[in-house]
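Indexing begins at 1, ligand by ligand and atom by atom, following the structure's order.
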Amino acid sequence: MRALRLPSWGRPPVLTDIDQPTPRGYEVLLRVEAAGLCHSDLHVLDAGPGDMPFPAPFTLGHEVAGRVAAVGPAVTEIAAGDRVVVYGPWGCGECRRCSAGRENYCDRRAELSWAGMGLGRDGGMADYVLVPSTRYLEPIGELDPVQAAPLSDAGLTPYHAIQQCRAALGDGSTVAVIGVGGLGHLAIQILRALTPSRVFAVDVREEALAVADRCGAHLSTRASADTGRILRTASGGYGVDVVLDFAGTSSTLDLAARCLRANGELVVIGSGGGQLTVRKPGPLPQGGRISLPFWGTRPELAEVISLARSGALRVEVERFPLSAAHEAMTRLRAGDLKGRAVLTPD
Ligand code: NAD
Ligand code: ZN
Ligand code: ZN
């Protein structure tokens, strides 16, 4: 079967032929129908030896939907032909966090040689992917796999981030979404579906602001020296209750600190490597809180899929065949994509 492999750190990914795995025990083999391309994949490709907490080589792809092709002899809950999406942040599977479905915060993460599927373990930018357990599979029913795949990260990650600060997103609240790419455009839709908050979108790209408008943002504005003032004015002069930063660069963190309301929540999701000083007194407002959420929980993935099946979420997708993965990556890097790039079998 074909698989897009990272051969070693610092080398470009290669589409190569490898043996198709056979499921044993509780394992499940999926025929991949869609694999989303995340900006984190570019961070992985740009990493040098030792930068990531897991070794190469492995097959890329951590947003995956497909059809069950074969199951190990111990599997009873699922059968060949079922359509599923994969929960990607595989943990140890045994600690208290993992047992509670919070594998994204596995207590033994530091001991593991992977951060999830496609991140140290073979992922779904391939014809088939081997999933270690049925607990990582969420049925998608009639949902299009091309829609479902991005929901497992580009949907789940903002959903989790938003759930963590739901108390600040009540009546009369305001929220800024910085970065309207794969994750950000779904963040806006989730906020509109679940909260009464007024949603302000910020991006450096006009096309991304057009996506924000389609997703239901109340205001969208191009990042400039004036953005902090614009967001403050739009929130009645107080500052926004929540900032969801999907870029995480020094300039977006600085903007976030400047436009945050007293007692506001700064949620840093983007892995842009930026820095912000935490000091009292300092750039953050009084009572300010910062969090660094990672991916989401298994129950939350079920909730995201059910929200999408109810019609509340629509992923903006640009499709590429698996053989054109390099082109998709080049377009993502150039900021030349709307929403999410999804690889499909060719
Ligand atoms: P993306 O490239 O699709 O979207 C990023 C968006 O941010 C783009 O629209 C871009 O134009 C915009 N942007 C960049 N610089 C900006 C700036 N200075 N001001 C305003 N907007 C700016 O990327 P994505 O796949 O949505 O991922 C976003 C980030 O989140 C990446 O860093 C990724 O690694 C990270 N990520 C984190 C988690 C997590 O669990 N915390 C999960 C997935 C992705
Ligand atoms: Zn990702
Ligand atoms: Zn664990």
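For the Zn ion (ligand 2), the count of nearby protein N/O/S atoms, taking only those under 2.8 Å, is 3.
At a heavy-atom distance under 4.0 Å, atoms from both the backbone and the side chain of H39 approach ligand 1.
No donor-acceptor pair closer than 3.5 Å links the side chain of E265 to the backbone N or O of A168.
For D171, the CG atom sits in a loose shell: 12 or fewer heavy atoms of surrounding residues, nucleotides or ligands are nearer than 6.0 Å.
Looking at D153 next to ligand 1, no N or O pair under 3.5 Å apart turns up. Ligand 1 has a nitrogen or oxygen under 3.5 angstrom from a nitrogen or oxygen of I269. Checking only distances, F294 never comes within under 3.5 Å of ligand 1, N or O to N or O. Looking at I178 next to ligand 1, no N or O pair under 3.5 Å apart turns up. In terms of N/O distances under 3.5 Å, ligand 1 is not approached by A223.
Screening residues 300-317 for salt bridge (Lys or Arg N to Asp or Glu O under 4.0 Å), with sequence neighbours left out, gives R214-E316.
Residues passing the side chain to side chain contact (heavy atoms under 4.5 Å, CB included) test with R83, sequence neighbours excluded: E33, R67, I140, P145.
For atom 7 (O) of ligand 1, the nearest non-hydrogen atom of the protein is G179 CA, 3.3 Å. Ranking the protein heavy atoms by distance from atom 28 (C) of ligand 1 puts F246 O, 3.2 Å first.
L186 and G155 get closest at one heavy-atom pair: CD1-N, 3.8 Å.
Heavy-atom distances between C38 and ligand 1 reach below 4.0 Å in at least one pair.
Contact of the P89 side chain with the R298 side chain is not registered, since no non-hydrogen atoms from C-beta on lie closer than 4.5 Å. Inter-residue side-chain proximity for L276 and L284 is flagged as met; some heavy-atom pair is nearer than 4.5 Å.
Around the Zn ion (ligand 3), protein N, O or S atoms at less than 2.8 Å comprise C92 SG, C95 SG, C98 SG, C106 SG.
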